[in-house]
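Just so we're clear, the structure is a prediction, and the values are computed from it rather than from any experiment. What's counted below: heavy atoms across the whole structure, side chains too, no hydrogens, waters or symmetry copies.
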Amino acid sequence: MRKSLDGWSGEVRIGGQKRSNLRFADDTILCANSESELGQMLDRVEKNSDEHNLALTKKKIMIVGGAFPLPVLDALKDFERVEKFLYLD
């Protein structure tokens, strides 16, 4: 993940700090300001994963929140959209 986002300039502020992703164990949350930015990040992660013979579990990928209006990018159209996600309840 770290290599995938090397040189990435996009980020959001969470608690006053700039973040592009949050990680815990083998889970990652990508933080983006727009759908196109999210698509670009996901492309980078997929490319880097392929280079290391790793695969994303696309059935587990969700886009959280209604921040991005429809229509969606083709790269993101197959992912589930949810209003909120509770992690480690």
Undergrad: To the nearest 0.5 Å, how far apart are CG in D43 and CG in N48?
TA: 12.5 Å
Undergrad: State which residues pass salt bridge (Lys or Arg N to Asp or Glu O under 4.0 Å) with K18; sequence neighbours excluded, sorted by chain then number.
TA: E11
Undergrad: When rounded to the nearest 0.5 angstrom, what distance separates OG in S20 from CD1 in I29?
TA: 12.0 Å
Undergrad: Looking at every heavy atom in both M41 and A32, which two are closest together, and how far apart are they?
TA: SD-CB, 4.2 Å
Undergrad: Check side-chain hydrogen bond (donor to acceptor under 3.5 Å, both in side chains) between K58 and all other residues, then give those that pass, not counting sequence neighbours.
TA: E46
Undergrad: How many angstroms lie between atom CZ of R44 and atom CG of L42, to the nearest 0.5 angstrom?
TA: 12.0 Å
Undergrad: Is there a donor-acceptor pair closer than 3.5 Å between any side-chain N or O of T57 and the backbone N or O of K60?
TA: no
